[in-house]
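All remarks here apply to the structure that follows.
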Amino acid sequence: MSNVFYRAVNKTYIEVDHGEGIYLYDTNGNKYIDACSGAAVANLGHAHPVILQAMMEQAKKVAFSHLSRWTSQPIQEAADLVAELAPGSLNKLYLVSGGSEATEAALKMARGYFVERDGQSSKYRIISRWKSFHGNTIGSLSMTGDKRRKKYTPLLLNFPHIAPAYCYRCPFGKCQETCQVDCAHDLERAIKMEGAEYVAAFIAEPVGGAACGAIVPHKDYFKIIRQICDHYDVLLIDDEVMAGFGRTGTMFSIEDYGVVPDMICVAKGMSAGYSPLGAVIATDEIYNTYKNGSGVFVHGHTYGGNPLSAAVALAVVKTLVKDNIVENSRRIGAYLLAQLQEKLLPFPFVGDVRGKGLMLGVEIVKDIATKEPYPVAMGMAEKLTATLVKHGVIVYPGTGNADGENGDQFLLAPPLTITKDQADELIDKMVTGFKEFDNNIG
Ligand SMILES: Cc1ncc(COP(=O)(O)O)c(C=O)c1O
């Protein structure tokens, strides 16, 4: 009997032994393709020699110093490099230790910005979307629009949520031909209903991840959102905790939409799973408002910006650039998406195969014509995932897509270093797993 308090206390977990490249090995010697990079984290694959070397060198020098007193070369260099890569004047990195800490910090930074700028300010509410995931701490969960929040509702901040940009299940009943990007205009309705004087920011993922399985908004979505935010003096927070650092085929996912947000939240891919790290990348305007105001952003976590994590991030981002890994994500991602659409859509339970770069999603339905989901009690996402595990493929399942409870999907997000041969191996294994699953449910 283990003394570990696991998330699902009755579930059996695979015991990991080691990893190499896109593969993970369990302690019984079985080999798996880590086809979701954990949770879209291990973007450079496992045991990357360059990152291991950088970790060792930094650990020998100093692993920890607290940001209240110390700065370090790795954090300065990592910030300089990221500022160079980030769009517009997004030049200032506030370092934390993960994605929830990043979105939580962005929430407070947005509120603080208006207080610093205007003295007294009534702006504090953050608008977000249903079918989104922004983290598990109370502030970030308040912005999250997913079933993960339901048990904790009494604890959450009363923040509004607008319709998701979910073309497969358009909340406005539109299709590609009739689309007027109503899901973007929904933000204006919400701001007016709430009163712009109470709204500090809007937060969204450029490609929806953990709560929905890689939903990609209309190409004009963020242009409309940016215009609405500007009109009502509302900050735009781009949550790229999952999508950032090459996952969707560009260094920052928002680049594809041709807009510049006011903050970008990053984590996962920035340190690629080698050490916990996250950041809010803020514009010069936000930074200078603090600088010319009180001079202090009252916030901080003990491990934020520790030298070891910063050295890892520096090595990871340098490797992404030097080895052209973002291009690989775009190229192999496009190939994988086309192959999966061709080979999986014919299965009678596959409703949609979608995504961008190497952030891909597969939605499972009971009836393809009506998009009726399986009842959540049938646990189809988990069952399909278990079948794929038997065939040596690890994916990231989720539920609630159709109505907040029912509706199965899984996320496919292999390391960005995956080769074409490995993509073919992944496709073959998935098709075999899908055939077995089809026979079982048949
Ligand atoms: C878009 C997004 N934001 C925030 C988070 C929370 O990050 P973390 O789990 O590192 O706290 C996640 C995690 O999946 C995420 O995908």
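For ligands, and for the atoms within them, numbers begin at 1 and follow the listed sequence. Not measured: the values here are computed from a predicted model.
For Glu77, the side chain to side chain contact (heavy atoms under 4.5 Å, CB included) partners are Gln73, Leu314, Lys318, not counting sequence neighbours. Taking Asp262 as the reference, Arg226 meet the salt bridge (charged side-chain N to carboxylate O under 4.0 Å, His left out) condition, with sequence neighbours excluded. Applying the ring pair (Phe, Tyr, Trp, His ring centres under 6.0 Å) criterion to Phe437, with sequence neighbours excluded, gives Phe349.
Tyr13 and Tyr6 have parallel rings, their planes meeting at less than 30° on a 0 to 90° scale where 60° marks the start of perpendicular.
When ring centroids are compared, Phe114 and Tyr124 stay outside the 6.0 Å threshold.
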As a test of reading the model: which N/O atoms of the protein lie under 3.5 Å from N/O atoms of ligand 1, and at what distance?
unit_1, atom_1, unit_2, atom_2, d
ligand 1, 3 (N), Phe133, O, 3.4
ligand 1, 3 (N), Asp239, OD1, 3.3
ligand 1, 3 (N), Asp239, OD2, 2.8
ligand 1, 7 (O), Ser100, N, 3.3
ligand 1, 10 (O), Gly99, N, 2.8
ligand 1, 11 (O), Ser100, N, 2.7
ligand 1, 11 (O), Ser100, OG, 2.5
ligand 1, 14 (O), Lys268, NZ, 2.9

Residues Leu412, Val362; criterion side-chain contact (heavy atoms from CB on, under 4.5 Å); working and verdict:
CA-CA 8 Å; Leu412 200 67; Val362 177; 5.7 Å; no
